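Bear in mind that the values here come from a model prediction, so they are computed numbers and not experimental data.
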Amino acid sequence: MTETLALVSSGIDTYRQPVVYMHEDCHICRSEGFAAQTRIRIDLKDRWIIATLNVVGRGAWLAVDQAALSVSAWAALGAEIGDDAAFSHPEPPASASMIRAKAYGERLDQAGFAGIVSDTLNSRLSDLDLAAFVTACAGDRLNEAETVALTRAMKEAGQTLDWGQHTVLDKHCVGGLPGNRTTPIVVAIVAAAGYLFPKTSSRAITSPAGTADTMEVMAPVALDAAALRRVVEAEGGCLVWGGGLALSPADDHFIRVERPLDFDSTDQLVASVLSKKAAAGATHVLIDMPVGPTAKVRSAGAAEALGIRLSSVAKALGLNLALHISDGMAPVGRGIGPALEAMDVLAVLRRAPDAPVDLRARALDLAGHLLDLAPDAVVGQGRVRAQSLLDSGAAEAKFMAICAAQGGFREPGTAAQQIEIRAPHAGQLTAIDNRRIARIAKLAGAPRQKSAGVRLLVRIGDHMDKGQPLYELHAETPGELAYALAYAESQTGVLTLSEAVS
């Protein structure tokens with residue numbers, strides 16, 4: 001007879017990783033040889049999951065005859081108070097050998113990648129397994145055929161959206177440029193032009209804000225596929241978090257592992273972006289690629305290599321793809337962080353006199369390029385059309401309608417703690433380090449704290465006096481403000497000033 005333990009909810013959020021907690025004196029732990037980080041199969045009625053074991057010491061909150069489940073494990077099992085579950089060793093995941101093979105430099109086919117994706121979605125792989133896989137695919141370890149195979153495996157593992165014979169436009173920025181929050185403006189313009197634009201976006205991985213983080217300040221983004229379809233059918237466009245959908249669902253698991261590793265793999269970036277675009281039903285995709293020494297893409301050569309891989313994989317998937325190479329020398333707009341970036345977006349859409357000129361220009365360039373991709377477009381007229389839709393207020397009206405359809409618009413809030421960083425001497429601003437200014441914003445609490453981040457007060461080329469404010473730190477707590485301030489004051493070269501005004 002299989003022995004069981006009473007289930008209790010730990011209330012601990014481990015995101016998408018199922019975790020089970022057992023007492024160190026638990027009789028099942030001893031009889032089965034379970035130890036910390038063991039993978040355990042849990043059976044409850046007609047459901048089962050595989051979870052990672054954490055062991056609780058004596059005198060702690062868990063009884064010896066209980067097993068506590070993380071929030072995700074509790075939901076996955078459909079557990080209820082009073083349930084008893086059985087615990088056993090799971091069968092070794094079939095894809096573990098594929099991960100080992102890839103780590104040793106072997107090439108995988110689509111079946112191999114599909115096995116890894118399937119085992120990922122069924123929680124058969126631990127975070128250590130996933131970290132090994134992500135690392136084995138980093139750098140230039142995937143060739144073109146493997147990248148196509150991984151992309152297809154990720155796309156086919158989830159649901160796809162079908163928009164019939166409609167032209168469906170989409171865009172993506174490869175990232176690395178703080179404040180470059182053009183997407184909400186572009187979606188509003190393109191949807192106002194009458195095209196479908198079902199935009200799904202990620203939360204931040206290594207940046208102070210992702211599009212979903214910024215959009216969530218203004219409207220709900222955690223929509224399911226049915227709600228997304230209702231919004232798009234009503235308004236032509238949406239801006240939602242992709243993690244709430246089953247479009248390329250393995251990608252969120254890979255991103256969850258990549259986040260603490262703090263690195264991006266070029267080929268996994270390609271697979272991530274294009275699997276989601278294909279799953280969302282896009283027909284024409286524009287990739288924005290900022291290039292600069294402290295951006296994600298640092299050189300023209302790197303941009304060319306990434307562009308070739310994106311184009312070849314898109315062609316294999318039947319996507320019409322275009323590349324937009326943009327200036328990645330400095331942050332865009334003034335805000336870096338969800339609420340601060342949302343304020344910039346609204347300023348542009350509302351045609352405010354003090355709206356960031358660079359954010360407006362970039363959004364118009366991208367919207368124009370995307371409109372030129374449409375099969376019925378008069379090529380070269382896209383930007384003129386985009387500017388007309390923005391200047392007339394049509395884009396603002398469409399954005400507000402999209403927000404209302406997603407659950408209602410709200411104005412961004414401001415941080416309780418703010419302090420200015422001032423120029424140490426007179427001079428001209430000659431450079432801004434994208435990576436270090438983004439790190440300051442993250443130390444202030446972004447993107448977890450929506451109103452936290454950095455607000456730039458100067459642009460490259462500006463002349464300033466000693467003591468003139470360069471940027472503001474925004475934080476929700478005094479501790480986070482102090483932490484970000486200490487880092488900012490310890491760094492040289494975050495903002496580079498010439499020694500004297502020329």
Side-chain angles (χ1 to χ4, degrees), residues 107-110 113 137-156 160-161 163 167-177 180 182-183 186 190 195-202 205 211 242 247-248 251 254 264-292 295-328 362 365-377 379-380 382-383:
R107 297 297 181 190
L108 300 184
D109 58 14
Q110 187 167 344
F113 285 116
C137 295
D140 58 356
R141 294 180 179 89
L142 296 184
N143 63 18
E144 180 181 318
E146 287 182 300
T147 308
V148 171
L150 175 59
T151 306
R152 283 183 171 147
M154 291 171 64
K155 170 184 175 285
E156 292 172 4
T160 58
L161 301 178
W163 303 100
T167 295
V168 181
L169 305 182
D170 208 337
K171 72 163 282 283
H172 179 80
C173 178
V174 300
L177 199 57
N180 191 24
T182 57
T183 296
V186 175
V190 172
Y195 294 102
L196 294 189
F197 199 155
K199 184 71 177 81
T200 64
S201 299
S202 298
I205 303 175
T211 296
L247 307 178
S248 187
D251 188 48
F254 298 148
D264 294 289
S265 163
T266 295
D267 292 296
Q268 284 186 322
L269 181 153
V270 171
S272 170
V273 171
L274 296 185
S275 65
K276 288 187 173 180
K277 299 306 176 195
T283 59
H284 297 72
V285 179
L286 179 65
I287 303 294
D288 180 21
M289 201 180 301
V291 179
K296 184 175 292 185
V297 181
R298 301 191 188 187
S299 67
E304 181 180 10
L306 177 56
I308 289 171
R309 183 58 55 89
L310 282 162
S311 298
S312 62
V313 175
K315 183 177 180 181
L317 268 66
L319 293 174
N320 296 285
L321 182 138
L323 302 172
H324 182 88
I325 308 300
S326 56
D327 181 2
R362 282 176 179 267
D365 288 344
L366 291 165
H369 197 160
L370 201 50
L371 291 174
D372 280 341
L373 288 182
D376 60 349
V379 177
R383 197 181 193 283

Close side-chain approach of Leu373 and Asn320, heavy atoms under 4.5 Å | no
Take Thr283 and Leu319 through the test side-chain contact (heavy atoms from CB on, under 4.5 Å) and record every step on the way to the result.
-> CA-CA 6 Å; Thr283 59; Leu319 293 174; over 6 Å; no
Mind checking the CD-CG spacing from Gln268 to Asp251? Nearest 0.5 Å is all I need.
-> 9.0 Å
Begin from the C-alpha positions of Leu286 and Leu366 and carry the test side-chain contact (heavy atoms from CB on, under 4.5 Å) through to its verdict.
-> CA-CA 8 Å; Leu286 179 65; Leu366 291 165; 3.8 Å; yes
Less than 4.5 Å apart, any side-chain heavy atom of Glu146 and any of Cys137?
-> no
Do Lys199 and Ser201 get their side chains close enough for a donor-acceptor pair, meaning under 3.5 Å?
-> yes
What pairs of donor and acceptor atoms, side-chain ones from residues 302-317 against any protein atom, are under 3.5 angstrom apart with sequence neighbours left out?
unit_1 : atom_1 : unit_2 : atom_2 : d
Arg309 : NH1    : Leu142 : O      : 3.3
Arg309 : NH1    : Thr147 : OG1    : 3.1
Arg309 : NH1    : Asp267 : OD1    : 2.4
Ser311 : OG     : Gly307 : O      : 2.8
Ser312 : OG     : Ile308 : O      : 3.2
Ser312 : OG     : Arg309 : O      : 3.0

Start with the C-alpha distance between Arg362 and Leu177, add both sets of side-chain angles, then the distance that settles side-chain contact (heavy atoms from CB on, under 4.5 Å), and finish with yes or no.
-> CA-CA 12 Å; Arg362 282 176 179 267; Leu177 199 57; 3.8 Å; yes
Are side-chain heavy atoms of Ser248 and Ser272 found at a separation under 4.5 Å?
-> no
Kindly compute the distance separating CZ (Phe113) from CE (Met154), expressed to the nearest 0.5 Å.
-> 10.5 Å
In Å, rounded to the nearest 0.5 Å, how long is the span from CZ of Phe197 to CG of Leu370?
-> 5.5 Å
Nearest 0.5 Å, what's the CD1-CG distance between Ile287 and Asp170?
-> 8.0 Å
What is the distance from atom NE2 of His284 to atom CG of Asp372, rounded to the nearest 0.5 Å?
-> 11.5 Å
Partner set under salt bridge (charged side-chain N to carboxylate O under 4.0 Å, His left out) for Arg298, not counting sequence neighbours | none
Applying side chain to side chain donor-acceptor pair (under 3.5 Å) to Lys155 and not counting sequence neighbours gives none
Is it the case that more than 12 heavy atoms not belonging to Asp140 sit under 6.0 Å from its CG atom?
-> no
Of all the heavy-atom pairs spanning Ala280 and Pro198, show the shortest one and how long it is.
-> O-CG, 4.0 Å
Could you walk me through whether Leu196 and Leu169 pass side-chain contact (heavy atoms from CB on, under 4.5 Å), step by step?
-> CA-CA 6 Å; Leu196 294 189; Leu169 305 182; over 6 Å; no
Salt-bridge contact Asp288-Lys171 (side-chain N to carboxylate O under 4.0 Å) = no
